[in-house]
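Taking it in order: structure first as structure tokens, then the write-up.
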Amino acid sequence: MKTARNTLYIAGASLLLATSPAMADDELASYRDRFEPLPHLPPLPAENPQTDEKVHLGNMLFFEPRISASGVISCATCHNPALGWSDRIPRAVGHNGQVGERNTPTVLNSGFLESQFWDGREPDLEGQALGPIEADVEMAMQLEHALERLAEFELYQEKFSDAYPGESDPISAKNLAQALAAFQRTLNTPDSPFDRYLQGDQNAISDQAKEGM
């Protein structure tokens, strides 16, 4: 942990981890001051500016099973919107029923994280996006073949061209990763009850939740 403060994003808010001494038990304000309301959007990288066309393409790709070897697994298979953008099982299940070594994290608010994957091996969503496609235990599709499959569809030809105008070959690994990352940066939970509490609504969370804080 840094000596001054780090930022950890949890439950719709950012927690400022300070190294200050313990606060008085009867002053909730001293605890609230350790948090900040979650913004509506995470930081946007200069090399991947957000556009509606890119987000729309990323949305399509996130739910596209044809870029998996079996043709039935998509990003949304494990990151299910109906299950909190996760899968609620102990360890993820991928290609041919293989069980992975880790459970599936939610992608909600993932754009705020300073590292990706449980082991933190990638610095951003762009670096994370293509890993599950190629992983043998997940989608098990060689990236080259995934791009070839996308190029077979006129709709994807149009959508990639719309998202990356002026490029002679827009269906590329870089653009695939950028589109998926752009979409995931829209999956945020601002204005949660805890956010509203931090903004001054004392009744937004229960007394039990305040004690939990």
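Computed from a predicted model, the values in this text were never measured in an experiment. Side chains are part of it too, since the values below use all heavy atoms of this structure and drop only hydrogens, waters and symmetry mates.
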Do the non-hydrogen side-chain atoms of [X] and [Y] ever get within less than 4.5 Å of each other?
X	Y	value
H145	E134	no
P81	F63	yes
W85	T104	no
P65	T77	no
P105	W118	yes
L176	I133	yes
E101	V137	no
R32	L28	yes

Do [X] and [Y] belong to the same hydrophobic cluster, where Ile, Leu, Val, Met, Phe, Trp and Tyr are linked whenever their side-chain heavy atoms lie under 4.5 Å apart, directly or via other members?
X	Y	value
F117	V107	no
F112	F183	no
I73	L143	yes
L61	L187	yes

Count the heavy atoms belonging to other residues, nucleotides or ligands that lie under 6.0 Å from [atom1] of [X], then report whether that count exceeds 12.
X	atom1	value
Q142	CD	no
E154	CD	no
Q208	CD	no

Does the plane of the ring in F35 sit parallel, tilted or perpendicular to the ring in F194? Use 30° and 60° as the thresholds.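 Answer is perpendicular, since the angle exceeds 60°.
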Plane angle bin for Y156 and F153 - parallel if under 30°, tilted between 30 and 60°, otherwise perpendicular: perpendicular
Non-hydrogen atoms of S172 and D169 that approach each other most closely: CB-O, 4.1 Å
Quick check: does any side chain N or O of [X] sit under 3.5 Å from a backbone N or O of [Y], one acting as donor and the other as acceptor?
X	Y	result
Y164	N175	yes
N59	H56	no
S115	E122	no
N80	A82	yes
Q157	A151	yes

Steps toward side chain to side chain donor-acceptor pair (under 3.5 Å) verdict (N48, K54): CA-CA 9 Å; N48 188 17; K54 203 178 296 182; 2.9 Å; yes
R149/E64 salt bridge by N-O under 4.0 Å criterion: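 No, E64 and R149 are not salt-bridged.
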Evaluate side-chain contact (heavy atoms from CB on, under 4.5 Å) for L180 paired with L125, printing each intermediate quantity in order. CA-CA 8 Å; L180 284 168; L125 287 169; over 6 Å; no
Would R185 and Q50 satisfy side-chain contact (heavy atoms from CB on, under 4.5 Å), going step by step from the backbone distance to the final call? CA-CA 9 Å; R185 287 194 176 97; Q50 201 91 336; 3.9 Å; yes
Taking atom types as modelled, is there a side-chain donor on S30 or D33 under 3.5 Å from an acceptor on the other?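 No, D33 and S30 have no side-chain donor paired with an acceptor closer than 3.5 Å.
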When you check the side-chain N and O atoms of T189 and N109, is any donor under 3.5 Å from an acceptor? yes
Go through it in stages, so that I can follow the logic: the residues are M139 and I67, the test is side-chain contact (heavy atoms from CB on, under 4.5 Å), and I'd like the CA-CA distance, side-chain angles, deciding distance and then a yes or no. CA-CA 8 Å; M139 297 168 74; I67 53 175; 3.8 Å; yes
Could you walk me through whether Q98 and D136 pass the side chain to side chain donor-acceptor pair (under 3.5 Å) check? CA-CA 9 Å; Q98 296 177 86; D136 291 340; over 6 Å; no
Check each of K159, Q178, E158 against L57 using the side chain to side chain contact (heavy atoms under 4.5 Å, CB included) test, and report the only one that passes.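 Exactly one option meets the side chain to side chain contact (heavy atoms under 4.5 Å, CB included) with L57, and it is K159.
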Step by step, would you call N188 with L108 a side-chain contact (heavy atoms from CB on, under 4.5 Å)? CA-CA 5 Å; N188 307 312; L108 292 174; over 6 Å; no
